[in-house]
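Written out below as structure tokens is the structure these notes cover.
Heavy-atom basis, side chains included; hydrogens, waters and symmetry copies ignored. Chain letters run A, B, ... following the sequence lines, proteins first, then strands; residues in each count from 1.
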Amino acid sequence: MSEKNVSTHWADIYADKIIREKGEKEHYTCASGITPSGTVHIGNFREIISVALVVRALREKGKNVRFIYSWDDYDVFRKVPKNMPEPEMLATYLRKPITLVPDTLGRAENYARGNEKDVERILPAVGVEPEYIYQAKRYRDGKYAEGMRLALEKRDEIRTILDEFRTEPLEKDWWPVSVFSNFTDKDTTTVLDWDGEWNITYRDDETGQTETVDLRTTSCAKLPWRLDWPMRWAHEQVDFEPAGKDHHSEGGSFDTSRKMVQVFDGEAPVSFQYDFISIKGRGGKISSSSGEVVSLYDVLEVYTPEVTRYMFAGTRPNTEFAISFDLDVLKIYEDYDTCERIYFGLQKVNEKRKGKEKRIYELSQVKGMPSEPSYQIPFRHLCNLLQLHEGDIERAISTLDDMTDSQRDRLRERCKCAWNWITTFAPEDFKYRLSNENDPLVELTDQELAAVHALREVVKVMDQIENKEYTTRLYDSAKDNDLDTGAFFKLIYRIMIGKEKGPKLGPFLQTCGKEKVLSILGRY
RNA sequence: GGGCCGCUAGCUCAGCUGGUAGAGCAACGCCCUUUUAAGGCGUGGGUCACAGGUCCGAAUCCUGUGCGGCUCACCA
């Protein structure tokens, strides 16, 4: 019966692959990382969450896993980001390490740290808690001195690998380390010599000064990116690390690193290539030219943590997808709810699909499995409910059937997101507000007034009569007063929400509730 | 030029460690007797880009072709 109970989810497949290729180990190291040279955006998040999912899969197979996240904060400050205040002042820090750049947003002691903190603070909300490694500190503490020496010793080997893909071969006097000048802090330097041991001599290209430093004690030397990466694979014994498609092309940095890692007596990790993600309904780009960046914070404004995870867990890493802020938001929530229903057996599907959906649902949870499904209410209906109550979440929820405390808590979170979406991103046609006593009255003809009065009588009993009778009498309110029904409905929408159209009238009035409707119609 | 990815219903896509196709929207129809980018139910619609190959069997694996896209070759 159950020959094939194996998960075909990509996270599980990669977990298996890691075990297969790396053998049984005491523990497995999974790595991710990025240069905090700007706001970390949702595209960068794809790597973190991808690794987090594989880490979870490995742990569920009973493995010990070390999940490291590398902040490559010993990189150079190459350009001033558009979203930072005081750009002129910041420009004076170009070519220095980003850990020396002040944070003009006042978040932290330096610019890199500011970006790091933003991420470190939000990641636990989506259940991601790696061990952070700060590369600037590692280099300055001399942790990579041996790695750098190894690179110097194997200079020719390294050069050969790099030259294979370069259009211009590296220069004759190229050295595989780069230096931040002790005179200016900038990387505008040239390495002149290496003594075969621990000392290198460099020249500051701006001031012309030269200096000899000891790799074990200096805090100014580092490996260039294409060497830094494989060196760290070896240093941390990395078993798994995915990378973006820009790195994964032939001749890209993953490719050269894989060839280079032997130089450092290491082994290339298992990897996969993840595609970029785009943004829909919000200008289109992850990072607009104005400097506005879509980050995990922005996504969590509209999507709950579970649904956020769902989008990434439910999509194969090597396919591009868009995070939507437009009407697709409705569909995403509906899809998640369907997934949940399948997980709890509330919706029947074939076994194959069920297996897939269940796994995606599990991986979407921030921590632990809920013991009961959410209070299921179509997202669209929830949006209507919230608008009827002008965003008052507690009142909106109180109109619903009984639910458990945990269901109520989860629904609250969803309501916050729904309301954020309505107020910030929903299309104008989608939005409305119930009229109140301060709104100007709609001018009515005698005929129309009579129809409104007739409607009032229908509303008074709408909870007590059959649906069919209710609808019929709705129309009769217009007909009996010689009004075109279409025009009549428009009129009611103008009175109720100040617009020409709205949600289907019958159900809409019922959802509003008798009292509310009568208080509005009662003004006429 | 190299590498990678995509090409499935009108549209957007899912299905891909193989067992002769699904969802949403659109269309059409029915119902709440007729309005709505916002109710409910249902129906139709696809030689799965093309050509070969492996297999009892391929949208799914392999090879080739075409079209589209991304990416690398400077730095990180």
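Surrounding NZ of A/Lys96 are more than 12 heavy atoms belonging to other residues, nucleotides or ligands, all under 6.0 Å away. Heavy-atom neighbours of A/Lys137 NZ from other residues, nucleotides or ligands within 6.0 Å: at or below the threshold of 12. Remark: A/Lys79 NZ is loosely packed, at most 12 non-hydrogen atoms of other residues, nucleotides or ligands lying under 6.0 Å away.
Using a 4.0 Å cut-off between a side-chain N of Lys or Arg and a carboxylate O of Asp or Glu, A/Asp476 and A/Arg473 do not qualify as a salt bridge. A salt bridge links A/Glu236 to A/Arg138: one of the charged nitrogens lies within less than 4.0 Å of a carboxylate oxygen.
Each of A/Tyr432 and A/Phe489 has a nearest nucleotide on RNA chain B; the 5'-most of these lies closest to A/Phe489. Where A/Lys490 and A/Asp335 meet RNA chain B, the nucleotide closest to each residue was compared, and A/Asp335 sits on the side nearer the 5' end.
Going from the C1' atom of B/rC11 to that of B/rU17 covers 32 Å, rounded to whole Å. Spacing of C1' atoms, B/rC70 relative to B/rG52, comes out at 28 Å, to the nearest Å. Comparing B/rC41 with B/rC25, their P atoms are spaced 11 Å from each other, to the whole Å. Remark: the separation of the P atoms in B/rG22 and B/rG42 is 16 Å, to the nearest Å. Across the C1' atoms, B/rG68 and B/rC50 are found 15 Å apart, a figure rounded to whole Å. Comparing B/rC72 with B/rA51, their C1' atoms sit 31 Å apart, to the nearest whole Å. Using C1' as the reference atom, B/rA9 and B/rC28 are 15 Å apart when rounded to the nearest Å. B/rC5 and B/rA76 have their C1' atoms separated by 24 Å, with the value rounded to a whole Å.
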Under 3.5 Å between N/O atoms: give me all the protein pairs with nucleotides 9-13 of chain B, atom names plus distance.
none

Dump every N/O contact between nucleotides 29-32 of chain B and the protein below 3.5 Å, one line per pair.
from   : atom 1 : to       : atom 2 : distance (Å)
B/rC32 : O2'    : A/Thr471 : OG1    : 2.9
B/rC32 : N3     : A/Lys504 : NZ     : 3.1

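At the phosphate of B/rU36, neither OP1 nor OP2 sits under 4.0 Å from any side-chain N or O atom of A/Lys499. For A/Arg353 and B/rA14, the shortest distance from a side-chain N or O to OP1 or OP2 is not below 4.0 Å.
Applying the side-chain hydrogen bond (donor to acceptor under 3.5 Å, both in side chains) test to every pair with at least one member in residues 309-326 of chain A, sequence neighbours left out, gives these pairs: A/Lys280-A/Asp326, A/Ser324-A/Asp328.
Between the side chains of A/Thr39 and A/Asn83, at least one donor N or O lies within less than 3.5 Å of an accepting N or O. Checking A/Asp187 against A/Ser178 by side-chain atom types alone, no donor-acceptor pair falls below 3.5 Å. Judged by distance alone, the side chains of A/Asp204 and A/Thr189 never bring a donor and an acceptor atom under 3.5 Å apart. Between the side chains of A/Asp228 and A/Tyr74, no donor-acceptor pair of N or O atoms lies under 3.5 Å. A donor atom on one side chain and an acceptor atom on the other are found under 3.5 Å apart for A/Ser253 and A/His247. Looking only at atom types and distance, the side chain of A/Gln135 has a donor-acceptor partner in the side chain of A/Ser70 under 3.5 Å away.
At a threshold of 4.0 angstrom between heavy atoms, the contacts of A/Leu327 include nucleobase atoms, whether or not backbone atoms are also involved. Across all strands shown, A/Lys356 has heavy atoms under 4.0 Å from sugar-phosphate atoms exclusively, and none from any base.
The cationic atom of A/Lys499 (NZ for Lys, CZ for Arg) does not lie both less than 6.0 Å from the six-membered ring centre of A/Tyr493 and within 45° of the ring axis.
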Strictly under 4.0 angstrom, non-hydrogen atoms only: write out the protein contact profile of nucleotides 71-76 of chain B, one letter per nucleotide from the 5' end, B, S or -.
BSSSBB
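In summary, of the residues considered (A/Arg341, A/Glu340, A/Glu357), a side chain to side chain donor-acceptor pair (under 3.5 Å) with A/Gln347 occurs for A/Arg341 alone.
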Pairing annotation in dot-bracket form, given for RNA chain B with Watson-Crick or G-U pairs under 3.5 Å and | for cross-strand partners:
((((((((.[[[[.)......]]]].(((((.......))))).....(((((.......))))))))))))....
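Here the side chains of A/Leu400 and A/Leu385 are in contact, with some heavy-atom distance below 4.5 Å. Contact check for A/Thr188 versus A/Ser181: no side-chain heavy atoms found under the 4.5 Å cut-off.
Interface residues of residues 474-483 of chain A facing RNA chain B, ordered by number: A/Tyr475, A/Lys479; criterion, heavy-atom separation under 4.0 Å.
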